[in-house]
Amino acid sequence: VALVIGNSAYIKGPLKNPVNDAADIAAKLRALGFDVVERNNLKTSQIGRTLREFRSKLSNGAVALFFYAGHGLQIKGDNYLPAVDADIEGEEDVPNQSINVRQVLELMEDAKTRLNLAFLDACRNNPYSRSFRSAGEGLAKVSAPSGTLISFATRPGSVAADGSGRNGLYTTHLLTAMETPNLPVELMLKRVTSGVKSASRGNQEPWMEGSIEGDFYFRTAAIQATPVSAQVQQDAVDRAVQEAVRRANEQAAKDRTEFQAAMARNNEQAAKERADMQVAMQKVIEQAMARQNAMLEAERKARGEEQKPQ
């Protein structure tokens with residue numbers, strides 16, 4: 001679920017690109033499957049019901065996203081996003097005529113969403129700063145709640161350019177990076193930072209606060225294999241066949257060697273068994289002959305006794 005706001009038609013300090021930025025981001029998010037609450041040139045009377053509509057769409061475990069393009073200002077460490085009809089004469093007028101960034105972050109956190117993303121292209125010059133006592137340039141650094149990632153168009157306390165084309169410099173690079181498939185959001189924002197910093201020659205450097213658990217991708221796509229030519233495929237098949245033949249020959253040679261060794265072991269065992277058998281037979285014969293000789297000898301002695309004179 002996404003809340004996308006673009007404010008251009010300010011009573012003080014109108015801007016060229018924020019409505020374009022919001023419209024293009026909203027279209028991109030819808031194409032990526034987000035349910036988008038979109039508001040352009042938000043007025044003070046619309047702030048409450050816009051936040052209520054956004055909150056009503058959030059659910060436990062969802063992904064919540066907030067994008068804002070327009071003026072932003074800080075007062076005593078809090079960041080505010082003024083409505084286009086804000087009549088701000090002093091710091092006291094700001095809270096009742098602006099969106100408090102902290103309020104939006106708390107709204108997402110209270111909904112127990114799985115992760116929260118905030119993109120703030122809101123660091124342009126503050127048109128009300130002359131009437132403020134404590135306001136600084138740009139937006140203040142934010143302590144992001146757990147599971148929240150906040151991306152600023154430039155570093156805390158710095159000012160971002162509105163841009164000379166259809167979109168602001170930050171949003172231009174954000175739109176491009178969101179199209180890259182299989183790119184975790186943290187790495188995507190690093191690409192945005194690099195692109196903006198290079199395009200502005202170092203005058204504008206996006207800033208990121210917070211962290212999320214796991215990975216989130218705006219776009220995913222199946223990784224496709226690189227096409228190869230028919231010749232390359234045939235070469236691969238030929239190499240596979242040659243490798244298979246080589247392995248088969250090696251295995252056959254190994255089997256033949258093992259068979260011959262086994263036969264040799266069998267022949268040696270057979271020869272040993274034959275020799276043992278011959279020795280055993282020889283012993284049996286010798287024992288039989290010894291018994292026969294003993295019997296003959298006993299018989300001769302018996303006959304000799306019988307022939308003696310009485």
**Student:** Could you give the distance from CZ (Phe67) to OG (Ser151), rounded to the nearest 0.5 Å?
**Tutor:** 10.0 Å

**Student:** Indicate yes or no: at least one non-hydrogen side-chain atom of Leu189 is less than 4.5 angstrom from one of Leu149.
**Tutor:** yes

**Student:** After noting the C-alpha distance and the side-chain angles of Thr180 and Leu187, does the key distance pass the side chain to side chain contact (heavy atoms under 4.5 Å, CB included) rule?
**Tutor:** CA-CA 11 Å; Thr180 306; Leu187 295 182; over 6 Å; no

**Student:** Identify the two heavy atoms, one from Ala221 and one from Asn182, that lie closest to each other, and give their separation to 0.1 Å.
**Tutor:** O-ND2, 2.8 Å

**Student:** Could you report the tightest heavy-atom contact between Val192 and Ala177, atom names first, then the distance?
**Tutor:** CG2-CB, 3.7 Å

**Student:** Can any side-chain N or O of Tyr10 pair as donor or acceptor with the backbone N or O of His71 at less than 3.5 Å?
**Tutor:** yes

**Student:** Would you say Thr154 and Tyr170 make side-chain contact, with heavy atoms under 4.5 Å?
**Tutor:** no

**Student:** Kindly compute the distance separating CE (Met188) from OG1 (Thr193), expressed to the nearest 0.5 Å.
**Tutor:** 9.5 Å

**Student:** Please check: side-chain N/O of Asp121 versus main-chain N/O of Ala153, any donor-acceptor pairing under 3.5 Å?
**Tutor:** no

**Student:** Would Lys190 and Glu186 count as a salt bridge (charged side-chain N to carboxylate O under 4.0 Å, His left out) if you check the C-alpha gap in whole Å, the side-chain angles of each, and the deciding distance to 0.1 Å?
**Tutor:** CA-CA 6 Å; Lys190 288 182 179 180; Glu186 295 95 330; over 6 Å; no

**Student:** Evaluate side chain to side chain contact (heavy atoms under 4.5 Å, CB included) for Thr171 paired with Asp24, printing each intermediate quantity in order.
**Tutor:** CA-CA 9 Å; Thr171 299; Asp24 292 347; 5.7 Å; no

**Student:** Please determine whether the number of non-hydrogen atoms from other residues, nucleotides or ligands lying under 6.0 Å from atom CD of Glu286 exceeds 12.
**Tutor:** yes

**Student:** Is a side-chain donor or acceptor of Thr44 paired with a backbone partner of Ala83 at a separation under 3.5 angstrom?
**Tutor:** no

**Student:** Measure the shortest side-chain to side-chain distance between Val63 and Thr113 over non-hydrogen atoms and say whether it is less than 4.5 angstrom.
**Tutor:** no

**Student:** Partners of Lys43 by salt bridge (charged side-chain N to carboxylate O under 4.0 Å, His left out), sequence neighbours excluded?
**Tutor:** none

**Student:** If every non-hydrogen atom of Gly165 is compared with every non-hydrogen atom of Asn17, which pair is closest and at what distance?
**Tutor:** O-OD1, 2.8 Å

**Student:** Any donor-acceptor pair under 3.5 Å linking the side-chain atoms of Asp255 with those of Gln251?
**Tutor:** yes

**Student:** Say you draw a straight line from CG of Asp110 to CG of Leu105; how long is it, rounded to the nearest 0.5 Å?
**Tutor:** 11.0 Å

**Student:** So, the side chain of Ser198 versus the backbone of Ser194: is there a donor-acceptor pair under 3.5 Å, distance only?
**Tutor:** no

**Student:** Could you report the tightest heavy-atom contact between Leu139 and Gly72, atom names first, then the distance?
**Tutor:** CD2-C, 3.7 Å

**Student:** Hey, quick one: are Tyr68 and Val19 part of the same hydrophobic cluster, counting side-chain heavy atoms closer than 4.5 Å, chains of contacts allowed?
**Tutor:** no

**Student:** Salt-bridged, Glu299 to Arg303, with N to O below 4.0 Å?
**Tutor:** yes

**Student:** Applying the side chain to side chain contact (heavy atoms under 4.5 Å, CB included) criterion to Arg155, which one of Gln204, Glu205, Lys141 satisfies it?
**Tutor:** Glu205

**Student:** Looking at every heavy atom in both Gln103 and Leu51, which two are closest together, and how far apart are they?
**Tutor:** NE2-CD1, 3.8 Å

**Student:** Using a 3.5 Å distance criterion without hydrogens, assess whether the side chain of Asn7 forms a donor-acceptor pair with backbone atoms of Pro82.
**Tutor:** yes

**Student:** For Gln278 and Gln282, test the side chains for any donor-to-acceptor distance below 3.5 angstrom and give the result as yes or no.
**Tutor:** no

**Student:** Is there a donor in the side chain of Asp21 and an acceptor in the side chain of Asn167, or the other way round, less than 3.5 Å apart?
**Tutor:** yes

**Student:** Do the side chains of Arg246 and Glu243 get close enough for a salt bridge, i.e. N-O under 4.0 angstrom?
**Tutor:** yes

**Student:** Drop me the distance from Asn116's CG to Thr148's OG1, to the nearest 0.5 angstrom.
**Tutor:** 4.0 Å

**Student:** After noting the C-alpha distance and the side-chain angles of Leu65 and Phe119, does the key distance pass the side chain to side chain contact (heavy atoms under 4.5 Å, CB included) rule?
**Tutor:** CA-CA 8 Å; Leu65 185 150; Phe119 302 91; 3.6 Å; yes

**Student:** Return yes if some donor-acceptor pair links the side-chain N/O of Asn41 with the main-chain N/O of Ser8 below 3.5 Å, else return no.
**Tutor:** yes

**Student:** Kindly assign one of parallel, tilted or perpendicular to the pair Phe34 and Phe216, based on the angle between their ring planes and the thresholds 30° and 60°.
**Tutor:** perpendicular

**Student:** How long is the straight-line distance from CD of Gln97 back to OH of Tyr80, given to the nearest 0.5 Å?
**Tutor:** 12.5 Å

**Student:** Can Arg114 and Glu213 be counted as an ion pair, charged N to O under 4.0 angstrom?
**Tutor:** no

**Student:** Going from NZ on Lys76 to CD on Glu91, what distance comes out if it is rounded to the nearest 0.5 angstrom?
**Tutor:** 6.0 Å

**Student:** State, to 0.1 Å, how close Leu15 and Pro18 come at their nearest heavy-atom pair, and which atoms those are.
**Tutor:** CB-CD, 3.6 Å

**Student:** Do you reckon Val196 sits in the same ILVMFWY cluster as Leu117, going by side-chain contacts under 4.5 Å, direct or chained?
**Tutor:** yes

**Student:** So, Asn20 side chain and Arg166 main chain: donor-acceptor pair closer than 3.5 Å or not?
**Tutor:** yes

**Student:** Lys272: which residues meet the salt bridge (charged side-chain N to carboxylate O under 4.0 Å, His left out) condition with it, sequence neighbours left out?
**Tutor:** Asp276

**Student:** Same cluster or not: Ile47 versus Leu58, using hydrophobic residues (I, L, V, M, F, W, Y) connected whenever any side-chain heavy atoms lie under 4.5 Å apart?
**Tutor:** yes

**Student:** Going through the distances and angles, do Ile25 and Met178 end up as a side chain to side chain contact (heavy atoms under 4.5 Å, CB included)?
**Tutor:** CA-CA 10 Å; Ile25 287 289; Met178 289 169 69; 4.1 Å; yes

**Student:** Ile150 versus Phe66: any side-chain heavy-atom pair under 4.5 Å?
**Tutor:** no

**Student:** Suppose we screen for salt bridge (charged side-chain N to carboxylate O under 4.0 Å, His left out). Which residues come up paired with Glu53, at least two apart in sequence or across chains?
**Tutor:** Arg39

**Student:** Please check if the side chain of Asp78 supplies one atom and the backbone of Ile75 the other of a donor-acceptor pair under 3.5 Å.
**Tutor:** no

**Student:** Quick one: do Tyr217 and Leu32 end up in the same hydrophobic cluster if we chain Ile, Leu, Val, Met, Phe, Trp and Tyr together by side-chain heavy atoms under 4.5 Å apart?
**Tutor:** no

